[in-house]
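When a ligand or atom number is given, it counts from 1 through the structure's own listing order.
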Amino acid sequence: MIEANNPELKSWIEVEPDSDFPIQNLPFGIIRPVHGDPRPATRIGNIAIDLSVLADFGFFDHLDIDDLSVFYQPILNPLMALGKPAWSAIRKTLSDLFRLESTELLQNEEARNLALIPVEDVVMEMPVMVGDYTDFYSSIEHATNVGVMFRDPANALFPNWKHLPVGYHGRSSSIVVSGTNIHRPKGQTLPKDASKPVLGSSKLVDFELEMAFITGKESKLGESIPIEQTEEYIFGMVLFNDLSARDIQKWEYVPLGPFLAKSFGSVISPWIVTMEALQPFRVEGPKQDPPVLPYLKSEGKDNYDIQLEVSLTPDNGAETTLCRSNYKYLYWSVKQQLAHQTVNGCNIRIGDMYGSGTISGPSPDSYGSMLELSWQGTKPISLNEGGDRKFIHDNDTITMRGHCQNNRLRIGFGECLTKILPAN
Ligand code: MN
């Protein structure tokens, strides 16, 4: 077992039992203190820990890291570039410093006072500079629902779907961190029974419940990453709200796929949970039938049991849970996604992001978008405060949450929230 994952460990920082951030999590993020520049941090309970202060006081000096400037950068890309053994060593150092038995930092009052900051006193910044962004389509339930609605219930999945992880290349410039509000997009739509399109604000703004993984290692152009080596490249995961304008999408997506309907904003949770912290929650994925080609073949626990939920809160209103799903339903694993991404020799870079696709489960209360939950607007969703929704209204806030739980440990992602503002 990885020592930092030991469920017996306790921290001298107080952690509530239902916290997403026990000492076994130790995610990475970028904080901006009230007076100061953005810098790398981790989190235990409700305390953000400034890694630049720990570096100032020499707590990383014993590590085999030549350039400690990675702990002072406004993005995590340089830290990720150190490679997987360093990710693990940094996490182990943090685990050692903050465990109950450890007194080194606890007794250094100056370092402790500078490094530990209540999370309400920091602003969370975008943790990585995203280079390229791929969005997969890896939930069989979601792909089937969309196929039933838009194509043919008898042939809901395209013939390729069970042979490769379908995806498209998205826009990275508009990926933003939780708390960033997004204006309702304008675009072309074809009104019902009209013969010509109009330009206007989207009437069908939707969320997509996704998670994304982030690569922390480069590959070379012309090389493919063998599936058994893919995990060397993956740093961690975040919650991912891939906002979508369904009316714009419907008119524009043929023949090349989604374009402006998806690029007006996608929102990530601010703390990147490392793949190492997620190891205790590995599970087997769904059985793949027909068998996949050898370059996609991988046996064992390649999926993750991550409970997910989405809620909607009207302006000054009450929160309503819209759906509960689980990452483990995904048909294609992160290993298969990355092996497929590079099979043609396309190189990947540090900070690239890979959305899972909407994560729908088997039951109607587990569907990961309003398109499916309201079944194209034919089944309005009741709100706790009264009224209903088919799609997102102006000033509604969408909140995504995710966590792993077994009988000894809870590891979570915190929240990913965004408010939809009126069109500009
Ligand atoms: Mn998507």
Side-chain angles (χ1 to χ4, degrees), residues 130 132-147 149-151 156-158 160-161 164-178 180 182 184-185 187 202 204-214 237-254 256-269 306 308-310 322-323 325-327 329-334 336-338 340-341 352-361 366-374 376 391-392 398-400 402 413 416-418 420:
V130 183
D132 282 295
Y133 158 47
T134 297
D135 197 19
F136 287 101
Y137 192 53
S138 289
S139 157
I140 194 166
E141 290 84 359
H142 173 70
T144 303
N145 286 340
V146 172
M149 273 186 257
F150 291 117
R151 293 183 348 106
L157 292 182
F158 276 95
N160 61 6
W161 200 90
L164 55 84
V166 170
Y168 71 95
H169 286 120
R171 182 92 193 154
S172 58
S173 64
S174 52
I175 299 178
V176 294
V177 74
S178 174
T180 309
I182 300 289
R184 180 174 297 274
S202 168
L204 307 180
V205 173
D206 197 358
F207 67 84
E208 289 187 335
L209 169 60
E210 304 194 22
M211 296 197 68
F213 71 84
I214 298 165
M237 292 179 73
V238 290
L239 301 169
F240 191 83
N241 180 356
D242 191 23
L243 291 166
S244 301
R246 300 303 181 190
D247 41 1
I248 297 172
Q249 183 179 353
K250 190 176 179 188
W251 170 235
E252 75 172 3
Y253 88 103
V254 177
L256 288 186
F259 185 37
L260 304 183
K262 301 273 189 172
S263 64
F264 61 96
S266 299
V267 189
I268 66 167
S269 52
I306 306 170
L308 302 166
E309 63 171 62
V310 184
L322 300 179
C323 67
S325 187
N326 195 306
Y327 187 84
Y329 296 134
L330 290 179
Y331 191 84
W332 296 101
S333 70
V334 293
Q336 292 175 317
Q337 288 168 343
L338 195 53
H340 185 65
Q341 177 82 57
D352 290 352
M353 198 165 282
Y354 309 75
S356 57
T358 305
I359 307 169
S360 294
S366 66
Y367 294 166
S369 66
M370 294 184 86
L371 175 72
E372 294 161 271
L373 290 164
S374 76
Q376 282 188 280
F391 290 92
I392 303 171
I398 298 295
T399 304
M400 296 184 172
F413 291 80
C416 173
L417 54 95
T418 199
I420 299 299

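Within the protein, the N, O or S atoms lying under 2.8 Å from the Mn ion (ligand 1) are D135 OD2, E208 OE1, E210 OE2, D242 OD2.
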Practice task
Check the pair K262, Q249 against side-chain contact (heavy atoms from CB on, under 4.5 Å), reporting the backbone distance first and the verdict last.
Solution key: CA-CA 8 Å; K262 301 273 189 172; Q249 183 179 353; 3.9 Å; yes
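In this structure, the side chain to side chain donor-acceptor pair (under 3.5 Å) partners of S202, at least two apart in sequence or on a different chain, are D247.
Between the side chain of N326 and the backbone N or O of I306, at least one donor-acceptor pair lies under 3.5 Å.
If you look at Y133 and F240, their ring centroids are closer than 6.0 Å.
Annotation: F158, atom CZ; neighbour count of heavy atoms from other residues, nucleotides and ligands within 6.0 Å does not exceed 12.
Each of W332, Y329, W161 was scored for a side-chain contact (heavy atoms from CB on, under 4.5 Å) with I140, with one residue passing: W161.
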